[in-house]
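The block underneath contains the structure these notes are about, expressed in structure tokens.
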Number of protein chains: 2
Amino acid sequence: MAKIDEVAKAAGVSISTVSYALSGKRPVSVATRQRVEAAVRDLDYRPNAGARMLAGRRTNIFALTEPFRPDTHAPTHMAFVLATSIAARRSEYDILLLTEEEASAGMRRVASSGLVDGVLVLDVAPDDERVGIARQIDLPTVFIGVPDDREGLVCVDLDFEAAASLAVDRFADAGHGSIALIGFPAVGYEKSNFPPRVRSAYARRAEERGLAHAFRASGVETPDLARVRSIVRDLVASGVTAIAVHSPAEVLTTVMDELGRHGLRVPANVSIIALANSLDPDTLPTPIDSVPLVAQESCDLAVELALAAVEEGAQQPGLHLLPPHYLDRGSVAAPPGG
Amino acid sequence: MAKIDEVAKAAGVSISTVSYALSGKRPVSVATRQRVEAAVRDLDYRPNAGARMLAGRRTNIFALTEPFRPDTHAPTHMAFVLATSIAARRSEYDILLLTEEEASAGMRRVASSGLVDGVLVLDVAPDDERVGIARQIDLPTVFIGVPDDREGLVCVDLDFEAAASLAVDRFADAGHGSIALIGFPAVGYEKSNFPPRVRSAYARRAEERGLAHAFRASGVETPDLARVRSIVRDLVASGVTAIAVHSPAEVLTTVMDELGRHGLRVPANVSIIALANSLDPDTLPTPIDSVPLVAQESCDLAVELALAAVEEGAQQPGLHLLPPHYLDRGSVAAPPGG
DNA sequence: TTGAAAGCGATACCAG
DNA sequence: CTGGTATCGCTTTCAA
């Protein structure tokens with residue numbers, strides 16, 4: 001726990017020179033910079049966080065608010081938390097966790113105590129109460145997800161509509177005439193933001209391409225695997241030859257398993273695409289084409305926007321949609337008759 | 001963002017009185033305290049975090065280090081993160097996240113920069129590299145989990161041995177003569193700490209009670225549900241009448257499902273106990289007896305120990321095992337022939 | 001290119 | 001029970 005004056009003494013310079021040598025906010029001669037750096041290494045010096053926060057203009061901490069909703073998909077959520085942390089560290093920022101009830105009250109608390117420079121909002125609900133708080137507090141706030149009312153907010157998200165269209169186009173291009181979407185449990189279409197966007201874009205694009213299309217929720221509150229199996233049977237029986245799955249991994253594996261039970265091969269008999277999934281599609285027993293969530297890209301952008309707002313002292317509201325990627329793993333082909 | 005001098009002026013007292021009125025570290029007359037509190041409310045005053053860290057002796061932040069291992073069970077992990085956050089907030093502490101590679105280097109960083117008052121270590125591996133770091137840094141550090149070498153460390157954990165024994169005793173008391181344990185995927189017995197403890201304690205207790213006992217891993221790297229089904233069939237065929245399941249929820253539901261397929265009822269034909277699970281056993285289709293993980297208790301204790309160390313300026317090494325609880329949901333009964 | 005010194009906003013010691 | 005003030009360790013302005 002060496003202090004800056006010790007470093008200054010060791011390097012034979014003033015403390016302000018040490019400060020500038022480290023921050024680079026003022027030109028320092030190469031010679032002195034090297035002496036300072038050597039002293040820093042020798043003493044294992046690290047600026048005191050509290051002093052820095054007080055004297056400087058920033059804390060180098062972002063708050064991450066995450067209400068662990070009961071219907072939150074834990075692995076996906078973890079991927080975003082991790083991605084946020086990685087993105088923040090790249091810019092020398094730390095992440096302070098605000099969970100549960102504190103996700104809202106905590107935003108006010110850290111804002112007025114000056115503990116953080118900005119707030120990153122995860123797991124955004126359509127009617128998220130953090131929207132109102134974001135408008136009240138005087139702190140850069142970036143939503144990773146899109147609430148219904150995003151007036152004046154900065155939001156980052158995957159372009160779900162484009163992702164759904166991408167899947168439909170693949171199916172259409174391969175020659176399928178009747179496709180389906182197995183989506184989230186029904187509750188997701190009321191309480192979450194993106195499932196409805198995927199569903200409607202999927203339908204719209206299918207119309208545009210002249211395809212017959214069907215939609216099925218994978219359950220009511222949570223995925224119902226037995227129900228998924230019967231859905232798969234029904235869809236296939238009704239002539240569907242391509243299915244997009246927008247649901248957790250276990251639903252996808254159940255779909256594959258049920259097809260296998262009926263001797264149906266992917267992609268020979270049925271084509272499959274995983275939509276907006278967070279898992280690595282290559283870890284599945286059978287590789288599946290996918291249009292994955294882009295956790296790292298989303299969080300990188302969110303941090304970048306927050307950082308820009310911190311530096312400029314104000315943020316420009318706007319919706320930032322990230323283009324989807326298509327991962328081709330060979331699970332889409334022409335339909336049996338085509 | 002009112003400051004303490006504004007509060008002092010508004011309340012007609014000195015800033016030191018404001019500070020003491022809020023911290024309670026010095027007696028303050030009821031009258032002045034109320035005037036101060038009123039001023040605080042009016043101005044929505046919150047002490048500046050940086051100033052507090054610098055002037056005071058503590059930061060009111062704990063670091064939470066969590067290496068997201070590939071084999072980490074996300075829902076369980078989330079439960080512990082959440083529990084830690086809740087426990088910390090109860091003591092006016094915030095949680096700073098250290099993930100991945102930063103989980104180790106970050107410990108050094110936050111220690112020497114004085115960003116946090118202590119470190120909470122989650123997801124502990126047998127040969128955890130954070131053990132060495134904990135010994136080097138001069139910060140209270142509490143492990144939630146037990147590494148192989150815990151010399152000089154403070155560790156908190158569920159008493160897994162007692163939990164396993166509790167399950168065996170229930171089976172024995174109900175009259176079962178041949179029991180089994182379906183455990184973690186095999187990799188868990190090398191890279192994690194507690195699965196081996198459960199396995200060996202289960203076997204030891206079964207010996208003590210004179211029961212035949214079998215052990216099966218639920219997979220190799222990850223749970224293999226097809227394998228679980230065949231394990232269940234084999235066990236039942238070999239005369240096992242009671243099974244403890246120490247594995248994620250999907251394994252448990254698979255076990256139940258496979259039993260159902262063969263017309264076997266719980267507990268009439270087979271008795272079941274979920275061991276060290278993080279899920280709420282009452283959300284299962286069929287309620288199951290369980291000896292759950294105690295995330296909140298563990299994290300409460302961990303925070304308490306860290307806090308004590310902060311206040312006393314030193315910590316007393318020791319292993320703190322939390323006693324398991326048995327949740328009776330009626331899934332254990334006498335064996336068919338008994 | 002460098003140094004001296006004025007804050008930053010609390011805490012807590014020393015007086016009264 | 002209350003007030004004045006030194007102090008925490010750094011950033012940054014002002015001067016040289």
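So you know, we letter chains A, B, ... as the sequences are listed, proteins then strands, and number each from 1. Scope of the values below: all heavy atoms of this structure, side chains included, with no hydrogens, waters or symmetry mates.
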Do A:E311 and A:R58 have side chains that approach each other closer than 4.5 Å (heavy atoms only, starting at C-beta)?
yes

In whole angstroms, the gap separating P of D:dG9 from CD of A:E6 amounts to 9 Å

On DNA chain C, more 5' by nearest nucleotide between A:T32 and A:G56 is A:T32

Which of C:dA10, C:dT1, C:dA15 is nearest the side chain of B:R26? It is C:dA15

Considering only heavy atoms and no angle criterion, is a donor-acceptor pair shorter than 3.5 Å present between the side chain of A:R52 and the base of D:dT11?
no

Rounded to whole Å, CG of A:D5 lies from C1' of C:dA5 at a distance of 15 Å

* Quick one: do the A:S112 and B:R46 side chains pair a donor with an acceptor below 3.5 Å? -> yes

A:N48 CG to C:dA10 P, in whole Å, measures 17 Å

Regarding the side chain of B:I4, the nearest nucleotide among C:dT2, C:dT11, D:dC8 is C:dT11

When A:Y45 and B:V28 are each assigned the nearest nucleotide of DNA chain D, the 5'-most assignment goes to B:V28

Among the nucleotides C:dT2, D:dC8, D:dT2, whichever has the atom closest to the side chain of B:S29 is D:dT2

Checking B:I144, B:T141, B:L153 against B:V121 for side chain to side chain contact (heavy atoms under 4.5 Å, CB included), the one that qualifies is B:T141

Within residues 9-25 of chain A, the residues having a heavy atom closer than 4.0 Å to DNA chain D are A:S16, A:S19, A:Y20, A:K25

Review point. Are any side-chain N or O atoms of A:S91 and backbone N or O atoms of A:Y93, one a donor and one an acceptor, separated by less than 3.5 Å?
Key: no

The side chain to side chain contact (heavy atoms under 4.5 Å, CB included) partner of A:L322 among A:L293, A:D157, A:D159, A:V156 is A:V156

To the nearest angstrom, the CD-C1' distance between B:Q34 and D:dC1 comes to 15 Å

Rounded to whole Å, CG of A:L54 lies from C1' of C:dC8 at a distance of 4 Å

Atom CZ of B:R57 and atom P of D:dT7 are separated, to the nearest Å, by 17 Å

Taking every heavy atom of B:A63 against every heavy atom of B:V110, the minimum-distance pair comes out as CB-CG2, 4.3 Å

**Carboxylate-amine/guanidinium proximity below 4.0 Å for B:R135 and B:E151** = no

Any donor-acceptor pair under 3.5 Å between the side chain of A:R46 and the base of D:dG9?
-> no

From CG of A:L115 across to P of C:dA10 the rounded distance in Å is 13 Å

